[in-house]
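Take a look at the structure below.
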Amino acid sequence: DKPGLGGRLIVSRVDLDGKAIWRTETALDRYTVSQILPGAAAFAFVGTRPPVEGKLSEPFVVLVDNATGRLTVHSLWR
């Protein structure tokens, strides 16, 4: 998304010729992604959003549908 700190993780799917099929921004800070879990139907990314001064970053799991790039976001806080 942008160089340096605060950049967000962007996920893309490309075909065999290198043409982008879809591109989606996960809203997760790319440096705080702690797990990437691949699957046949979707990928899961575990991490936090970019930090906000004076606040604790909430952990999320973001599911990205492999066919469409559609996001599903779930909080990991109880």
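We use all heavy atoms of the structure for the numbers below, so side chains are in, but hydrogens, waters and symmetry mates are not. FYI, the numbering just counts along the sequence from 1.
- Follow the hydrophobic side-chain contacts under 4.5 Å out from L9 and you never reach L63; the two are in separate clusters.
- Considering every non-hydrogen atom in both W22 and D65, the closest pair reads CZ2-O, 3.6 Å.
- Membership of an apolar cluster is not assigned to V52, as no side-chain contact below 4.5 Å to another ILVMFWY residue is traced.
- Taking each heavy atom of T26 and L71 in turn, the nearest pair found is CA-CD1, 4.0 Å.
- Inter-residue side-chain proximity for V46 and V33 is flagged as unmet; no heavy-atom pair is nearer than 4.5 Å.
- Applying the 4.5 Å side-chain rule to ILVMFWY residues, one finds L56 in the same cluster as W77.
- Of all heavy-atom pairs between P50 and A27, the closest is CD-O, 3.5 Å.
- Under the 4.5 Å side-chain heavy-atom criterion for Ile, Leu, Val, Met, Phe, Trp and Tyr, L37 and L28 are members of distinct hydrophobic clusters.
- Placement of V64 and I36 within a single hydrophobic cluster is found when ILVMFWY residues are connected by side-chain heavy-atom separations under 4.5 Å, directly or transitively.
- Annotation: side-chain hydrogen bond (donor to acceptor under 3.5 Å, both in side chains) contacts involving residues 43-58, sequence neighbours excluded, comprise T32-T48, E58-S75.
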If you look only at distance, which donor and acceptor atoms sit under 3.5 Å apart when one is on a side chain in residues 10-21 and the other is two or more places apart or in another chain?
{"residue": "R13", "atom": "NH1", "partner": "N66", "partner atom": "O", "Å": "2.9"}
{"residue": "D15", "atom": "OD1", "partner": "D17", "partner atom": "N", "Å": "3.0"}
{"residue": "D15", "atom": "OD1", "partner": "G18", "partner atom": "N", "Å": "3.1"}
{"residue": "D15", "atom": "OD1", "partner": "K19", "partner atom": "N", "Å": "2.8"}

